[in-house]
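Please read these numbers as outputs of a predicted model, since none were measured by experiment. Here, residue 1 is the first one in the sequence, and each next residue gets the next number.
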Amino acid sequence: MLVNVSYELTDSRTREREVNGLLEAMEYFNLSESYLITRDEEQKILVDGRTIHIVPLYQYLLNGG
């Protein structure tokens with residue numbers, strides 16, 4: 001499981017950096033899903049058959065990580 005953490009993604013440069021880093025790691029490890037844990041943002045990003053789940057920390061912890 002590939003997990004990254006960023007407090008917030010309101011700045012477009014931060015969002016781009018974090019998403020691109022996850023996509024690169026997903027390709028390297030041949031993974032189709034990853035998680036980006038944030039303070040309170042929730043979104044699903046689909047890129048070339050890969051899914052990045054952006055979830056708030058509380059939700060990630062309640063779902064058992």
Side-chain angles (χ1 to χ4, degrees):
M1 178 185 295
L2 185 60
V3 178
N4 193 12
V5 177
S6 182
Y7 184 71
E8 61 184 16
L9 302 171
T10 54
D11 182 67
S12 62
R13 292 176 297 177
T14 301
R15 177 180 289 275
E16 183 178 347
R17 181 187 67 235
E18 299 300 334
V19 168
N20 287 338
L22 277 172
L23 289 170
E24 186 176 322
M26 290 167 73
E27 184 175 334
Y28 180 82
F29 291 111
N30 195 31
L31 297 171
S32 61
E33 288 187 302
S34 65
Y35 290 86
L36 179 50
I37 311 305
T38 64
R39 177 179 59 137
D40 60 5
E41 190 170 339
E42 186 173 0
Q43 183 181 4
K44 189 181 292 188
I45 298 176
L46 304 171
V47 178
D48 296 330
R50 293 186 164 91
T51 304
I52 298 174
H53 301 277
I54 300 175
V55 295
L57 177 60
Y58 76 88
Q59 182 181 359
Y60 181 78
L61 293 174
L62 287 174
N63 291 327

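Shortest non-hydrogen contact noted between N4 and E18 is ND2-OE1, 2.6 Å. Of all the heavy atoms in L22 and Y35, the pair that sits closest is CD1-O, 4.0 Å.
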| message | Applying side chain to side chain contact (heavy atoms under 4.5 Å, CB included) to L23 and I52, what does each step give before you reach the verdict? | response | CA-CA 8 Å; L23 289 170; I52 298 174; 4.0 Å; yes

| L57 and T38: CA distance, side-chain angles, deciding distance, side chain to side chain contact (heavy atoms under 4.5 Å, CB included) verdict | CA-CA 6 Å; L57 177 60; T38 64; over 6 Å; no

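The side-chain heavy atoms of L36 and L9, taken from C-beta on, include a pair separated by under 4.5 Å.
M1 and L62 sit in two unconnected hydrophobic clusters of ILVMFWY residues. Membership requires side-chain heavy atoms under 4.5 Å apart, directly or through other members. V19 and L46 are assigned to two separate hydrophobic clusters, defined by single-linkage of ILVMFWY side chains at heavy-atom distances under 4.5 Å. Y58 and V5 fall into different hydrophobic clusters, where Ile, Leu, Val, Met, Phe, Trp and Tyr are joined by side-chain heavy atoms under 4.5 Å apart, directly or via other members. L61 and I37 end up in the same hydrophobic cluster when Ile, Leu, Val, Met, Phe, Trp and Tyr side chains are linked at under 4.5 Å.
For Q59, the CD atom is densely surrounded, since the number of other residues' heavy atoms within 6.0 Å is greater than 12.
Contacts classified as salt bridge (charged side-chain N to carboxylate O under 4.0 Å, His left out) and involving residues 33-52 (residues at least two apart or in different chains) are given here: E8-R39, R15-E41.
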